[in-house]
Amino acid sequence: MAYSQKLLDYFQNPRCVGEIVDASGIAEVSNPVCGDVMKLWVKVADGRIVDAKFKAQGCSAAIATSSYATEMIIGRDVNAAKSITKEEIAEALGGLPAGKIHCSVLACDAIREALK
Ligand code: FES
């Protein structure tokens with residue numbers, strides 16, 4: 001299975017890249033197997049995520065899923081954001097090859113960690 005056009009677009013033109021100086025929560029997570037890293041900044045107001053930015057170092061699937069997940073949590077209620085699954089992220093990007101499913105775990109872990 002190859003990457004979808006949508007996934008490649010999020011890899012080549014990642015959205016929401018950067019940092020938030022006055023973030024409400026910050027998380028840095030890494031994949032113990034491959035060493036890929038994602039850092040996520042979130043700004044929360046009235047129980048809702050009003051802004052989110054990320055930086056990641058890793059494979060194309062890790063960059064694309066991190067970018068997509070960061071974009072998708074903006075505007076969401078904190079609890080709704082915490083319940084996002086890796087399957088949801090992978091599906092929204094047209095699916096991931098079997099050996100790349102773990103790449104979407106970074107984003108899920110970072111979201112939960114930043115919103116603790
Ligand atoms: Fe490490 Fe994709 S290979 S997250």
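- Interatomic distance, Leu8 CG to Ile63 CD1, rounded to the nearest 0.5 Å: 13.0 Å.
- Between the side chain of Lys86 and the main chain of Ile101, no donor-acceptor pair closer than 3.5 Å is present.
- Counting heavy atoms from C-beta outward, Val17 and Lys53 have side chains that stay 4.5 Å or more apart.
- Residues that satisfy the side-chain hydrogen bond (donor to acceptor under 3.5 Å, both in side chains) test with Asn79, not counting sequence neighbours, are absent from this structure.
- Connection of Trp41 to Ile111 is not established within any shared hydrophobic cluster, with ILVMFWY side chains joined at heavy-atom distances below 4.5 Å, either directly or through further cluster members.
- Remark: Lys100 engages no residue in a side-chain hydrogen bond (donor to acceptor under 3.5 Å, both in side chains) (not counting sequence neighbours).
- Once rounded to the nearest 0.5 Å, the distance linking CD of Glu71 with CZ of Arg15 reads 6.0 Å.
- Side-chain contact between Val37 and Val29: absent, with no pair of heavy atoms (C-beta onward) separated by less than 4.5 Å.
- Put simply, Ile89 and Leu115 are part of the same group of oily side chains (I, L, V, M, F, W, Y) that touch within less than 4.5 Å, one to the next.
- Tracing side-chain contacts under 4.5 Å through hydrophobic residues (I, L, V, M, F, W, Y), one never reaches Ile74 starting from Val42; they form parts of separate clusters.
- Between the Arg76 side chain and the Met72 main chain, a donor and an acceptor come within less than 3.5 Å of each other.
- Residues Leu106 and Phe11 do not share a hydrophobic cluster, defined by chaining ILVMFWY side chains whose heavy atoms lie under 4.5 Å apart.
- Looking at heavy atoms from C-beta onward, Val105 lies out of side-chain contact with Asn31 at the 4.5 angstrom threshold.
- Atom CD of Glu88 has more than 12 heavy atoms from other residues, nucleotides or ligands within 6.0 Å.
- With hydrogens and angles ignored, the 3.5 Å screen pairs a side-chain donor or acceptor of Ser4 with a backbone N or O of Leu93.
- Taking 4.5 Å as the limit, every side-chain heavy atom of Cys59 sits out of range of all side-chain heavy atoms of Cys34.
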